[in-house]
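One structure is given below, encoded as structure tokens.
All of these numbers come straight from a predicted model, not from anything done at the bench.
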4 protein chains.
Amino acid sequence: MNVQLEDCHSKRRAILNSTLTLIKDYGFHGTPMSQIAKHAHVAAGTIYHYFDSKETLIVELYVETKEKLAEAILMNYDETKTYKERFFQFMINQYNFYINNPSALVFLEQYLNSPFAKNYPEKDSPLFLEKVIPFFVFGIENGVFKNIDSRLLGPTIKGTLVAAANFRLAEQMIYSEEDIIEVVQIIWDGIKKQ
Amino acid sequence: MNVQLEDCHSKRRAILNSTLTLIKDYGFHGTPMSQIAKHAHVAAGTIYHYFDSKETLIVELYVETKEKLAEAILMNYDETKTYKERFFQFMINQYNFYINNPSALVFLEQYLNSPFAKNYPEKDSPLFLEKVIPFFVFGIENGVFKNIDSRLLGPTIKGTLVAAANFRLAEQMIYSEEDIIEVVQIIWDGIKKQ
Amino acid sequence: MNVQLEDCHSKRRAILNSTLTLIKDYGFHGTPMSQIAKHAHVAAGTIYHYFDSKETLIVELYVETKEKLAEAILMNYDETKTYKERFFQFMINQYNFYINNPSALVFLEQYLNSPFAKNYPEKDSPLFLEKVIPFFVFGIENGVFKNIDSRLLGPTIKGTLVAAANFRLAEQMIYSEEDIIEVVQIIWDGIKKQ
Amino acid sequence: MNVQLEDCHSKRRAILNSTLTLIKDYGFHGTPMSQIAKHAHVAAGTIYHYFDSKETLIVELYVETKEKLAEAILMNYDETKTYKERFFQFMINQYNFYINNPSALVFLEQYLNSPFAKNYPEKDSPLFLEKVIPFFVFGIENGVFKNIDSRLLGPTIKGTLVAAANFRLAEQMIYSEEDIIEVVQIIWDGIKKQ
DNA sequence: AATGAATGAGTCTTCATTCAT
DNA sequence: GATGAATGAAGACTCATTCAT
């Protein structure tokens, strides 16, 4: 059954969720395993049934969170739309994901700026690598964007979106769809050819 | 004597420099005080003559590093130049600072994405707050930029520059002045009015 | 099983006993947690499962030791005896407790003359406060003793008994029941009415 | 000159006074040398011109404080008075010393119940050993007191007086001469022959 | 004599991890 | 699978003491 399937690793999920929540507020090293256990309502030892170590837990949390981000970005993907339209859809989806998952936003940023990212460069979301990145590479290779390296393009785009999401979250206000579009327009104006 | 003056807090400086260097590679909690002491060639206890705690050390390191960034950004400031020219100068200076101080770049990003930044929001570089931020605010208020909130503009600009600097550093190549200008152009195109 | 029950917190007891023994010889700050752990045959970290801190450990040790003193004092309590007879019983019991638990004697005195006693005035043995103190208060209020404040009476009585116990322990001799009674007689003669 | 003489070791006195004051509030191990230095307005290193170590400082402070106690006890000594009268004078003097020097009272009690007293049993006030103790020994040997060991008599007397002094200090009230005499009467009644 | 920066051994405490139940 | 008591290595920090000035 589906329920069965979802439930069969419910403790694993609880652990991951608790880790995400706690790291948002206290950071990696401010979040001891004992606290994760308590927050997830499991015994400390139980965490080690699902994860080899705290390091593993965090890296796996990163991969899964990034995967969810990729899924969100790819929502309502419509090949029939123009590249620009699909670009805007990607951006809006990403923005909305951050707004709806602030813990994920904080965690992802923290992770990417920590030694973890350098120590496990190969650990990343398959969906992101296989679907999201290539979309932008396509844009560059086909002359949609200025002729800049794709590895530069990505952070540029992300930097602005993340900044916007953080800002909106800090203000604790709900913004309209147009606000989001305005931000994406800034990005688009910066990178589009000509 | 000049030497005397420079030396007068040489241990404090050595501690700050060692902290910056080690945090770049190992992160906040991967850098024990004992290691900082060893790297700075001082006794562990000596650190506590200059800083109340590890937390204080890191926060003060942030403020001083940011201050240096502000100084670098403001270099060769020329009121007679156009706003756009000064904007480009700011950007190029900031970019060069990152390229010449990769540890600072990594540290600043790590700090801003850590719980520290949230716990000590008032701890920041006076020079940055009084000179750099107002320059951009001026641009917004005088219709140079799109009408976006200054707190959104800053991260947008920084995000792209940081991404570019990180990318160039990772490649371990030396780029020409034109490469830098190209990046700044992307930013400018995105945020300028019209 | 009884053994099971006694064992159920055997480590906690071992820690308390070791603390008492070591403090007797080396004082509070001459007794590091590591030494307590070693003496109790537990890991250093284990102490922190049972006590929040060294301070807590010492305060709880005080309360429990005082409780045992109170239990000892109240042994063979017989309401049908005269007040004077019960007073002598109390005194003899207390004296014997000190003789049989020299560590407790030294520890209690050290504690009461340390900043601990001032910092945690509310931490004390319930049994002592509810049964022992009221017995002496009764004596005062019913004209058995001179009309002195009960808070003055207690220390007076205790001072003499403690001095006697310390003296006997230092001599390392075994004294007869009459010796004890002689000391109690001194106290009684001093405080009884008339 | 006298002033010269008093002044010539003014720093030594300042250190001793500061130590006494701080230990009263924070205990031996709650009083670091650095704090003593600060309170005495001297450099940390200066303490080591006058005392070999912290341990030495405390032991010397004990001897000097006890010496002052002995001087106070012996004030207005009048050989022509009866033994009982001189006994009462001794007691009242001691009591007054405690009331006027609460720091000394706390310090002396703390010291005597610490490992110091056991580690340096030979370190004590000469005046106390040569004048005060013999006075009480005389009383025992000449049948004034009950036939108890002098080493038991001393603590008995002291215990009551100290308790009374502590009690009065805690109440922060000023008591009349008669109150003091009442306490001494309790002691006297307890130990006098018959 | 006096200073106070510097030292580093030693302390309390935390926390990732293990393992018997 | 699940538990949580127990572990002990490692960390932040303190503080008595020294010594160049």
Original post:
Looking at A:H39 and A:S18, what are the two nearest heavy atoms and their distance?
Top reply: ND1-OG, 2.8 Å
Name every donor-acceptor pair, under 3.5 Å, that has one atom in a side chain of residues 57-66 of chain B and the other anywhere in the protein, sequence neighbours excluded.
residue, atom, partner, partner atom, Å
B:E60, OE1, B:R12, NH2, 2.9
B:Y62, OH, B:K66, NZ, 2.9
B:Y62, OH, B:D124, OD1, 3.4
B:Y62, OH, B:D124, OD2, 3.2
B:E64, OE1, B:R13, NH1, 3.3
B:E64, OE2, B:R12, NH1, 3.0
B:E64, OE2, B:R12, NH2, 2.9
B:T65, OG1, B:L61, O, 2.6
B:K66, NZ, B:D124, OD1, 3.0
B:K66, NZ, B:D124, OD2, 3.3

Original post:
Using a cut-off of 4.0 Å between protein heavy atoms and nucleotide atoms, how would you tag nucleotides 11-21 of chain E 5' to 3' with B, S and -?
Top reply: SSBBSSBB---
**OP:** Report yes if a side-chain nitrogen or oxygen of C:K11 is closer than 4.0 Å to either non-bridging phosphate oxygen (OP1 or OP2) of F:dT7; otherwise report no.
**Re:** yes
Subject >> Rounded distance (Å) that lies between atom P of F:dT14 and atom CZ of B:F51 >> reply: 15 Å
Original post:
Are B:Y50 and E:dA5 close enough that a side-chain N or O sits under 4.0 Å from OP1 or OP2?
Top reply: no
Original post:
Looking only at heavy atoms, what is the nearest atom pair of D:A40 and D:A14, with distance?
Top reply: CB-O, 3.7 Å
**OP:** Fill in the dot-bracket string of DNA chain E, one character per base: . for unpaired, | for a pair to another strand, ( ) or [ ] for pairs within the strand, taking Watson-Crick or G-U pairs under 3.5 Å.
**Re:** .||||||||||||||||||||
Original post:
D:I15 and D:T19: which non-hydrogen atoms are nearest, and at how many Å?
Top reply: O-OG1, 2.7 Å
Original post:
Ignoring hydrogens and geometry, is there a side-chain-to-backbone donor-acceptor pair from A:K54 to A:F28 under 3.5 Å?
Top reply: yes
Subject >> Whole angstrom value for the distance that separates C1' of F:dA12 from CD1 of B:I58 >> reply: 12 Å
Original post:
Mind checking whether A:Y120 and A:F116 have parallel, tilted or perpendicular rings, split at 30° and 60°?
Top reply: parallel
Subject >> Integer-rounded Å distance: E:dG4 P and D:I15 CD1 >> reply: 13 Å
**OP:** Give the rounded distance in Å between these two atoms: CD1 of D:I47 and P of E:dA1.
**Re:** 15 Å
**OP:** Verify whether one side chain among C:S53 and C:T56 offers a donor that lies under 3.5 Å from an acceptor in the other.
**Re:** yes
Original post:
With no angle test and no hydrogens, is the base of E:dA1 tied to the side chain of D:H49 by a donor-acceptor pair under 3.5 Å?
Top reply: no
Subject >> Other residues, nucleotides, ligands: >12 heavy atoms within 6.0 Å of A:N119 CG >> reply: yes
